[in-house]
Asks: 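This is the structure I have questions about; it appears just below.
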Number of protein chains: 2
Amino acid sequence: MQQPTIYDVAKKAGVSIATVSGVINNNGKYSNKTKEKVLDVMEELKYYPSSVASSLTAKRTQTIGLIIPDISSPFYAEFARSLEDWGDEKGYSIIICSTDYNEKKEKKYVSLLLRRRVDGIIISSGFNNVDLIKDIIQQEIPVVLVAYNIDSLQLNTVSVDDYRGGYQATAYLAELGHKRIAIITETVQSSAERIRGYQNALNDYHLIYDENLLTESRATFEEGEIQAEKLLNLEEPPTAIFAFNDILAIGAMRAVLKRGLKIPEDISIVGFDNSVLATICNPTLTTMAQPLNDMGKEAIGSLISEIEGTVKRKQRILLLPELVKRHSTGPANLKSNKREVKN
Amino acid sequence: MQQPTIYDVAKKAGVSIATVSGVINNNGKYSNKTKEKVLDVMEELKYYPSSVASSLTAKRTQTIGLIIPDISSPFYAEFARSLEDWGDEKGYSIIICSTDYNEKKEKKYVSLLLRRRVDGIIISSGFNNVDLIKDIIQQEIPVVLVAYNIDSLQLNTVSVDDYRGGYQATAYLAELGHKRIAIITETVQSSAERIRGYQNALNDYHLIYDENLLTESRATFEEGEIQAEKLLNLEEPPTAIFAFNDILAIGAMRAVLKRGLKIPEDISIVGFDNSVLATICNPTLTTMAQPLNDMGKEAIGSLISEIEGTVKRKQRILLLPELVKRHSTGPANLKSNKREVKN
DNA sequence: TCTTGAAAGTTAAACGCTTTACGAAAAAAA
DNA sequence: TTTTTTTCGTAAAGCGTTTAACTTTCAAGA
């Protein structure tokens with residue numbers, strides 16, 4: 001026999017399929033005797049109820065789509081893991097879609113998830129095509145944005161306080177005596193707030209804001225390295241580099257070490273994310289930790305409350321990043337600051 | 001209106017639902033005029049065919065289950081990404097299940113995948129409960145094992161040649177002049193063959209096999225560190241450590257560096273996997289690369305050919321690992337070899 | 001002119017569940 | 001005993017597709 005169906009169970013147990021269904025879903029009103037009988041037969045037949053059939057009637061697939069740039073990147077992998085765990089706890093499975101920042105893939109995957117009738121979709125920063133999100137909303141599929149915000153759309157959102165992240169990292173470097181603090185920003189949305197935090201921190205510590213110290217790049221080791229090289233080649237190079245994610249920070253480290261400079265004696269480096277990479281590199285990386293596990297929990301919670309309609313108002317959840325001090329930062333080496341800072 | 005169905009499309013296009021279905025799936029025999037009309041209406045209504053409904057009739061979900069220890073671990077994340085890409089190319093989505101080596105989770109997830117009627121399941125090493133695999137087979141769901149073999153079961157398999165991996169890494173160290181080469185094995189199946197390779201290489205290079213140099217542990221940084229410490233505390237410590245995955249290798253590095261020893265001057269270290277970690281740590285890690293992308297491709301290919309019944313015989317695919325030389329290995333420092341080797 | 005066959009569609013059943021409305025039997029109340 | 005509840009179940013419709021079998025139309029061949 002092929003996979004047994006509810007009919008096989010019903011027949012063998014001598015009851016109707018409604019009864020079997022009722023027992024499976026524990027919809028009260030069946031005698032213990034019947035329940036046991038049914039359960040026994042299910043066991044005996046190795047019957048696994050088909051969730052595709054039940055999804056069809058229940059109009060719920062208990063599945064969530066996750067759209068991220070790349071599951072193989074440690075930060076996203078850790079986030080996905082958190083979602084998997086929290087989702088599982090609530091009875092949801094996750095389908096992961098890696099877009100590589102590519103609009104074609106975005107489109108393909110959105111369409112896929114819609115056809116699969118996922119109950120909700122979690123989209124992280126790095127997603128480009130806003131119109132696709134509108135398509136999702138039009139189909140009345142709940143969406144939660146993570147580390148990502150779209151002003152024109154009213155959506156549930158979970159993010160880290162990027163402004164504070166930018167501010168804290170910068171302030172920390174300033175307190176270590178660094179006067180020329182460079183940043184390597186990422187070409188994603190969260191960068192803007194981090195830059196604002198950076199600028200305000202500079203201001204509060206009476207440091208000048210020098211546009212030459214601001215670079216932007218895609219999140220790869222190579223790009224981080226290239227950008228750091230540019231910074232080091234400046235007439236007045238920075239003594240500290242704040243990279244907007246750990247990958248870029250590690251790329252920057254490479255550039256610094258390649259020149260024979262020491263970290264943190266000559267150059268301090270701060271990353272962002274606190275992915276596993278930060279603990280592996282040498283020296284270990286001081287970085288702004290994103291509370292990934294909490295983000296996962298909130299994202300799932302937010303999404304499910306929208307799916308189940310328990311909360312009507314959209315919510316913006318803002319979590320606090322935290323500075324994790326490791327060995328890539330230290331007091332500024334003042335000798336190398338050729339010129340003094342105005343103000 | 002809620003999500004439009006095939007009826008809505010049919011009605012608006014003035015055709016039967018069978019026609020709409022036919023056009024969607026490109027089942028010949030419809031005039032261009034009709035096709036266009038239907039396509040237009042689909043577009044206009046933003047109609048996304050429900051794959052849950054079609055799965056019910058077609059008895060295919062176009063979904064593959066992946067069971068691994070932990071998606072947040074770089075090696076598995078990279079592998080999952082490869083599967084995602086190859087699967088997508090063939091029209092399959094992946095549901096990832098992280099078991100944490102925990103039999104309860106294994107059971108839960110197997111049951112989940114069976115209920116979801118996935119078309120096939122890919123199971124990696126680190127899976128413990130063989131009986132569960134039998135349950136899967138009994139349901140006639142194709143299974144492919146990756147880096148994992150179960151003698152009692154005749155299954156499709158994709159692995160790396162662990163024997164050669166163990167041999168090559170050891171031989172490389174031996175050629176660098178190391179006499180006392182320790183190994184930190186992992187508590188998974190693939191270890192056995194790697195150990196055999198290690199032993200044979202020792203033999204071929206006329207080195208003694210010392211049981212004290214063989215340790216075993218779970219794959220965490222901490223465990224790697226602990227095991228390496230033990231090795232370094234030996235009366236005759238090794239001059240080279242070959243760890244059976246990059247995580248363990250990096251843990252070992254920590255222990256070595258913590259003692260003030262230098263890598264590779266005092267101790268050489270070789271890992272296994274060639275995950276992203278190997279390029280991040282400092283010094284960068286010499287490691288046996290597993291051809292993850294090929295493994296993903298072969299696993300998907302093997303699984304799909306079984307799903308579609310194109311290939312009847314089970315196949316064992318064996319891929320070759322490759323030594324990637326980086327900066328964690330160097331010539332043996334002979335001074336530190338107190339005692340000479342017999343033979 | 002009549003027959004055949006291909007082309008273009010349609011009808012209706014099936015897929016494996018959930019759920020609503022309803023019925024019979026048993027228990028409780030009168 | 002009769003009536004009313006409660007308990008335990010069942011029948012049947014519906015979810016949105018696919019598909020096998022069938023019908024209609026029309027051009028071509030005999």
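Reminder, nothing fancy here: chain letters follow the sequence lines and each chain counts from 1.
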Asks: With a cut-off of 3.5 Å and sequence neighbours excluded, list every side-chain donor-acceptor pair involving residues 30-42 of chain A.
Replies:
residue	atom	partner	partner atom	Å
Ser31(A)	OG	Thr34(A)	N	3.2
Ser31(A)	OG	Thr34(A)	OG1	2.7

Asks: So, does Ser124(B) use its side chain to make a donor-acceptor pair with the main chain of Val146(B) at under 3.5 Å?
Replies: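 No, the answer is negative, given that no donor and acceptor are paired below the 3.5 Å cut-off.
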
Asks: Base, sugar-phosphate, or nothing: which does Val15(B) touch, judged by heavy atoms less than 4.0 Å apart?
Replies: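 Touches sugar-phosphate only.
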
Asks: Test your reading of the model: is there a side-chain donor-acceptor pair from Thr157(A) to the backbone of Asn149(A), 3.5 Å cut-off?
Replies: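 The answer is no, because no donor-acceptor pair under 3.5 Å joins these two groups.
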
Asks: Would you kindly give the CD1-to-C1' distance between Ile24(A) and dT19(C), to the nearest whole Å?
Replies: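 Whole-Å distance recorded here is 14 Å.
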
Asks: Please report, rounded to the nearest Å, how far the C1' atom of dG5(C) is from the NZ atom of Lys29(B).
Replies: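 So the NZ-C1' distance, Lys29(B) to dG5(C), works out to 14 Å.
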
Asks: Roughly how many Å is it from CG in Leu114(B) to P in dG16(C), rounded to a whole number?
Replies: 15 Å

Asks: Just N and O in the side chain of Thr34(B): are any of them under 4.0 Å from OP1 or OP2 of dG9(C)?
Replies: yes

Asks: For the residue pair Asn156(A) / Gln315(A), report whether a side-chain donor-acceptor contact shorter than 3.5 Å exists.
Replies: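 No.
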
Asks: Nearest whole angstrom, please: distance from the P of dC15(C) to the CZ of Arg117(B).
Replies: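 Spelled out: CZ on Arg117(B) to P on dC15(C) is 14 Å.
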
Asks: Can a donor-acceptor pair be found between the side chains of Asp70(A) and Ser72(A) at a distance below 3.5 Å?
Replies: yes

Asks: Just call it for Thr19(B): base, sugar-phosphate, or nothing, with non-hydrogen atoms closer than 4.0 Å on any strand.
Replies: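 Result for Thr19(B) = base.
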
Asks: Heavy atom of residues 53-61 of chain B under 4.0 Å from DNA chain C: which residues?
Replies: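 The stretch gives Leu56(B), Thr57(B), Lys59(B) as the residues lying under 4.0 Å from the strand, ordered by number.
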
Asks: How long is the line joining NZ of Lys35(B) and C1' of dA7(C), in whole Å?
Replies: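 So the two atoms are 12 Å apart, to the nearest Å.
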
Asks: Is Tyr47(B) close to Lys12(B) at the side-chain level, that is, under 4.5 Å between some pair of heavy atoms?
Replies: no

Asks: Measure from OH on Tyr30(A) to P on dA25(C) and round the result to the nearest Å.
Replies: 18 Å

Asks: Please list, in 5' to 3' order, the outermost nucleotides of DNA chain D lying under 4.0 Å from any heavy atom of chain A.
Replies: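 Contacts span dC8(D) to dT17(D), reading 5' to 3'.
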
Asks: Taking the side chain from Thr57(A) and the backbone from Ser54(A), do they hold a donor-acceptor pair closer than 3.5 Å?
Replies: yes

Asks: Ignoring hydrogens and angles, state whether a donor on the side chain of Ser93(A) or Arg116(B) is under 3.5 Å from an acceptor on the partner side chain.
Replies: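 Checked: Ser93(A)/Arg116(B) side chains pair up, N/O donor to acceptor below 3.5 Å.
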
Asks: Take atom CG of Asn32(B) and atom P of dG9(C), then tell me their distance rounded to the nearest Å.
Replies: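 For the pair Asn32(B) CG and dG9(C) P, the rounded distance is 10 Å.
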
Asks: With sugar-phosphate meaning primed atoms plus P, OP1 and OP2, does Ser21(A) contact a base, only sugar-phosphate, or nothing at under 4.0 Å between heavy atoms?
Replies: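 Answer is base: heavy atoms of Ser21(A) come under 4.0 Å of a base.
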
Asks: Would you say the side-chain atoms of Asp88(A) pair up with the backbone N or O of Glu84(A), donor to acceptor, closer than 3.5 Å?
Replies: no

Asks: Whole Å only: how far is the CD1 atom of Ile17(A) from the P atom of dT19(C)?
Replies: 13 Å

